[in-house]
**Q** 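Once you've had a glance at the structure underneath, I'll fire off some questions.
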Amino acid sequence: MRKHIVAGNWKMNNDLAMTESLITELKKQAQTSNAEVMIAPTFTNLWHAFEALRNSKIEVVAQNMHFAESGAYTGEVSADMLKSVGVQTVILGHSERRAYFNETDDMLAKKVDAALNNKIRVIFCFGEELADRKAGNHEAIVESQIKNGLFHLKANAFERIVLAYEPVWAIGTGETASPEQAQEMHAFIRKTLTNKYGKEVADSVSILYGGSVKPNNAKEIFSKPDVDGGLIGGAALKAEDFYAIVNAF
Ligand code: 13P
């Protein structure tokens with residue numbers, strides 16, 4: 001049985017005081033679903049969040065990391081540094097990283113390797129832009145992002161990989177992929193995995209959907225058979241909204 005996962009990507013929001021108060025609110029929420037819950041605060045607040053959530057079921061994950069072990073990479077953060085503050089999962093390949101920070105498939109493949117070598121679980125993001133979808137290229141784009149980022153891995157590496165399909169046109173726009181569009185793409189992703197690694201591996205990998213998931217649309221999106229959870233941006237910044245999504249399973 002695949003895991004259900006709901007992860008809140010806080011992006012570049014919430015200073016230390018705001019992180020503290022949002023975590024206080026999150027701890028008051030009741031969880032009625034069996035989903036794994038994660039939040040991804042910014043680097044500077046990871047340790048604090050980890051400490052504050054030590055005895056809770058909420059996992060603290062990072063939004064990014066560098067592929068090198070250490071060295072002259074001003075401004076970057078390594079896998080080891082993340083582990084040293086309790087982080088066991090990292091988001092890699094978010095479309096904002098790809099678009100604004102020129103993260104390429106090659107770079108992401110190296111980051112994936114660095115994370116896995118350090119036993120850090122990866123939430124690997126990908127998704128097409130609006131022009132790709134309009135041109136009917138969305139499946140080809142997604143397939144190439146997955147192949148270039150992950151298909152150098154051995155099958156057993158997928159025990160530590162979670163996929164997140166985030167169509168760029170649905171991120172922060174209020175526009176969501178319809179539940180049917182999400183299901184269609186997620187089924188395509190699973191087929192792509194099946195072709196390379198076989199059905200058993202493909203069926204074991206959780207595939208999250210991200211892009212304007214809100215309390216009022218989460219249930220329908222999560223009802224689709226190949227949608228195993230969500231990567232939540234804006235709605236993760238309000239504890240009630242986030243837990244309404246967590247509990248939509
Ligand atoms: P929104 O939920 O704000 O559209 O963001 C989605 C996202 O990018 C999560 O990583």
Side-chain angles (χ1 to χ4, degrees), residues 4-14 18-19 22 26 35-43 45-46 49 58-65 82 87 89-103 108 111-112 115 120-130 132-133 138 141-142 145-146 149 161-179 181-182 185-186 189 206-222 224 227-249:
H4 289 158
I5 298 171
V6 179
N9 175 9
W10 290 8
K11 309 192 179 185
M12 198 172 75
N13 294 296
N14 293 339
M18 290 153 89
T19 297
L22 181 48
L26 288 170
E36 269 186 48
V37 181
M38 305 175 186
I39 57 164
T42 194
F43 284 136
N45 296 326
L46 286 173
I58 303 175
E59 183 184 346
V60 177
V61 315
Q63 299 176 17
N64 181 29
M65 60 166 244
L82 293 182
V87 169
T89 303
V90 64
I91 298 171
L92 293 177
H94 193 280
S95 63
E96 287 149 18
R97 301 288 325 162
R98 294 176 188 260
Y100 307 143
F101 304 98
N102 302 319
E103 292 200 2
L108 290 168
K111 290 189 178 204
V112 168
I120 294 180
R121 176 162 65 160
V122 173
I123 301 178
F124 186 78
C125 306
F126 49 83
E128 82 284 0
E129 297 190 15
L130 186 57
D132 303 320
R133 184 159 278 268
H138 45 292
I141 295 285
V142 161
Q145 289 172 325
I146 294 174
I161 302 274
V162 172
L163 301 181
Y165 168 58
E166 297 205 299
V168 176
W169 48 272
I171 296 178
T173 57
E175 183 135 357
T176 349
S178 67
Q181 283 173 317
M185 183 58 92
H186 284 222
I189 294 162
S206 298
I207 309 177
L208 316 185
Y209 169 80
S212 299
V213 178
K214 306 288 178 202
N216 65 7
N217 60 22
K219 215 178 184 82
E220 216 188 333
I221 295 171
F222 293 168
K224 295 295 175 190
V227 178
D228 307 308
L231 188 51
I232 318 300
L237 300 174
K238 277 179 80 181
E240 266 177 37
D241 287 356
F242 186 56
Y243 267 83
I245 296 170
V246 169
N247 291 332
F249 271 110

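We count residues from 1, following the sequence as given. Quick caveat: nothing in here was measured; it's all calculated off a predicted structure. Remember, it's 1-based here, ligands and their atoms both numbered in the order they're listed.
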**Q** Considering both backbone and side-chain atoms of Thr173, is one of its nitrogen or oxygen atoms within less than 3.5 Å of a nitrogen or oxygen in ligand 1?
**A** no
**Q** Does anything in residues 4-14 form a salt bridge (Lys or Arg N to Asp or Glu O under 4.0 Å)? List the pairs, not counting sequence neighbours.
**A** Lys11-Glu96
**Q** Please identify which atoms of ligand 1 are closer than 4.0 Å to at least one heavy atom of Leu231.
**A** 9 (C), 10 (O)
**Q** Compare Gly233, Gly174, Gly172 and give the one whose heavy atom is closest to atom 4 (O) of ligand 1.
**A** Gly172
**Q** Hey, is ligand 1 close enough to Glu96 that some N/O pair sits below 3.5 Å?
**A** no
**Q** Nearest protein heavy atom to atom 7 (C) of ligand 1, by residue and atom, and its distance?
**A** Glu166 OE2, 3.1 Å
**Q** Classify the ring geometry of His186 against Tyr209: parallel below 30°, tilted from 30° to 60°, perpendicular beyond 60°.
**A** tilted
**Q** Only counting residues at least two apart or in another chain, list the ones meeting side-chain contact (heavy atoms from CB on, under 4.5 Å) with Leu237.
**A** Trp10, Asn13, Asn14
**Q** Could you tell me whether Lys214 and ligand 1 have an N or O pair separated by under 3.5 Å?
**A** no
**Q** Do His94 and Gln63 get their side chains close enough for a donor-acceptor pair, meaning under 3.5 Å?
**A** no
**Q** Just which atoms of ligand 1 are under 4.0 Å from any heavy atom in Ser212?
**A** 1 (P), 2 (O), 4 (O)
**Q** Is there a heavy atom in Ala170 that sits closer than 4.0 Å to ligand 1?
**A** yes
**Q** Could you tell me whether Glu175 and Arg133 have a side-chain N and a carboxylate O separated by less than 4.0 Å?
**A** no
**Q** Measuring from Ile207:CD1 to Ile161:CD1, what's the distance to the nearest 0.5 Å?
**A** 12.5 Å
**Q** For the residue pair Ala235 and Ile245, what are the closest heavy atoms and their distance?
**A** CB-CD1, 3.7 Å
**Q** To the nearest 0.5 angstrom, please state how far the CG atom of Leu82 sits from the OG1 atom of Thr89.
**A** 10.5 Å
**Q** Within a distance under 4.0 Å of any heavy atom of Gly211, pick out the atoms of ligand 1 and give their elements.
**A** 4 (O), 6 (C)
**Q** Which is closest to atom 3 (O) of ligand 1 in terms of heavy atoms, Gly230, Gly234, Ser95, Gly127?
**A** Gly234
**Q** Select one of side chain, backbone, both or neither to describe which atoms of Asn9 lie under 4.0 Å from any atom of ligand 1, heavy atoms only.
**A** side chain
